[in-house]
Amino acid sequence: MPPRQPDPLRRSLRRWTRNLHLYLGLFVSPFVLVYAVSAIQLNHSLMPWGGRSAPTAPTRTMRIVVTNADDGLAVAREVRRQVGIAGEIGYVNRKPGGSRVSFPIEWPGHVTHVKVDLTAGVATIEQQDTGAWDAMVYLHKMPGPHNASIRGNWLYTRVWGWLADATVYLLLFLTASGVYLWTVIRADRSTGLRVLAAGVLSFVALVFAIIA
Amino acid sequence: MRLSTTTSSAGRAARVTRGTPLSARVNSARTRIVTRKLHNYLGLYLLLFLWLFAASGLVLNHSKWPVSQFWKSRVESASHHDIRVPRGGGDIAMASDLMAQLGLVGEVGETKRAPDDTHFDFQVV
């Protein structure tokens with residue numbers, strides 16, 4: 001009796017899934033590495049070479065002109081344009097109706113603290129190089145849940161936010177396709193089942209220990 | 001010993017292995033098998049952890065999604081208890097002592113102490 005030929009449709013599905021698993025996995029690997037390294041830094045408060053406590057460059061002042069001073073974010077955007085510094089405005093600090101506005105402009109590895117006196121038309125600028133490790137943590141946290149109403153005020157933060165989402169969706173696809181590919185490898189099925197069960201048990205036990 | 005065959009049906013593999021010592025090929029095959037098994041088993045073991053971190057990443061990045069509005073639907077309750085003055089000088093030691101007195105379990109979050117030491121606030125998560 002000749003050996004049973006696998007269903008061509010199933011074979012094609014397996015080949016497509018394997019190729020997608022491989023190539024999408026390669027695509028997403030640099031992003032996963034950034035999240036993995038920065039997760040270790042966050043979990044162990046690891047920030048070599050200064051980070052946010054790094055020394056700042058000498059303060060400088062600039063004359064600025066802001067016509068529409070009603071909205072804090074609009075003021076910050078206008079000042080950011082005039083001082084010529086690219087980056088995400090982290091938050092805007094301003095007392096209601098006040099003439100003083102302060103905000104940070106953040107770029108992975110760099111922070112610029114800006115204080116604006118709208119009455120005098122002067123911006124005080126203080127720049128800080130926070131380094132590559134801080135940049136990793138920054139990327140990990142961006143866009144994040146804080147100041148959601150102003151988040152994405154810099155194009156590259158919006159792009160990074162899309163890439164962060166893409167990383168999650170790709171990871172979900174990689175796990176699902178990985179499980180599918182494992183199920184078609186008959187030799188690894190029993191050990192794999194035991195390992196999967198161990199993983200599920202560990203997860204449930206940990207979640208139960210934390211929640212209960 | 002060197003293998004120089006090119007008659008393998010897997011032409012690509014033959015091109016790669018042509019002229020490679022047999023022991024190196026065996027080691028390479030063994031490494032590939034071990035790596036593949038590790039890849040499979042670690043992936044299966046960490047499956048639910050990965051799903052948890054992936055889902056929480058989406059929730060953190062999309063604070064406007066309905067599923068992310070959990071903070072608004074929290075339930076708060078207040079109660080008063082008599083306590084002994086906590087032992088220990090540090091914030092964590094004081095919080096741990098108070099948690100034991102109040103029967104609270106969890107991770108000590110933010111702590112705040114008044115400059116004159118008359119008030120001590122802390123959060124248990």
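Computation of the quantities below employed the complete heavy-atom set of this structure, encompassing side-chain atoms and omitting hydrogens, waters and symmetry-equivalent molecules. A note on names: the letters A, B, ... follow the listed sequences, proteins ahead of strands, and every chain is numbered from 1.
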A.B. asks: How are the rings of A:Trp160 and A:Phe31 set relative to one another: parallel (under 30°), tilted (30 to 60°) or perpendicular (over 60°)?
C.D. replies: tilted
A.B. asks: Is a side-chain donor or acceptor of B:Asn61 paired with a backbone partner of A:Gly144 at a separation under 3.5 angstrom?
C.D. replies: yes
A.B. asks: Against chain A, label B:Leu46 side chain, backbone, both or neither, depending on which of its atoms sit under 4.5 Å from a heavy atom there.
C.D. replies: neither
A.B. asks: Using a 4.5 Å cut-off on heavy atoms from C-beta on, say whether the side chain of A:Arg14 contacts that of A:Leu181.
C.D. replies: yes
A.B. asks: Any sub-3.5 Å donor-acceptor pair from A:Thr56's side-chain atoms to A:Gln127's backbone N or O?
C.D. replies: no
A.B. asks: Using heavy-atom distances under 4.5 Å, tell me whether A:Thr167 contacts chain B through its side chain, its backbone, both, or neither.
C.D. replies: neither
A.B. asks: Is it the backbone or the side chain of A:Ile185 that comes under 4.5 Å from a heavy atom of chain B, or both, or neither?
C.D. replies: side chain
A.B. asks: Under 3.5 Å, side chain of A:Arg151 to main-chain N/O of A:Gly90, donor-acceptor pair present?
C.D. replies: yes
A.B. asks: I'd like to verify something: which residue of A:Asp188, A:Val207, A:Leu201 has the highest number of heavy-atom pairs under 4.5 Å with chain B?
C.D. replies: A:Asp188
A.B. asks: Is it true that the side chains of B:Ser79 and B:His81 contain a donor and an acceptor less than 3.5 Å apart?
C.D. replies: yes
A.B. asks: Can you classify the ring geometry of A:Trp107 versus A:Trp154 as parallel (below 30°), tilted (30 to 60°) or perpendicular (above 60°)?
C.D. replies: tilted
A.B. asks: Counting only non-hydrogen atoms closer than 4.5 Å, does A:Tyr169 touch chain B with its backbone (N, CA, C, O), its side chain (CB onward), both, or neither?
C.D. replies: side chain
A.B. asks: Of all of B:Arg36, B:Lys64, B:His62, B:Glu107, which one pairs up most often with chain A through heavy atoms under 4.5 Å apart?
C.D. replies: B:His62
A.B. asks: Which region of B:Leu60, side chain (C-beta onward) or backbone (N, CA, C, O), has a non-hydrogen atom less than 4.5 Å from a non-hydrogen atom of chain A, or is it both or neither?
C.D. replies: both
A.B. asks: For A:Leu206, is it the side chain, the backbone, both or neither that has a heavy atom under 4.5 Å from a heavy atom of chain B?
C.D. replies: side chain
A.B. asks: Just give me the residue among A:Leu171, A:Leu193, A:Val179, A:Thr191 that pairs up with chain B most often, heavy atom to heavy atom, under 4.5 Å.
C.D. replies: A:Thr191
A.B. asks: Select one option (side chain, backbone, both, neither) describing which atoms of B:Trp71 are under 4.5 Å from chain A's heavy atoms.
C.D. replies: neither
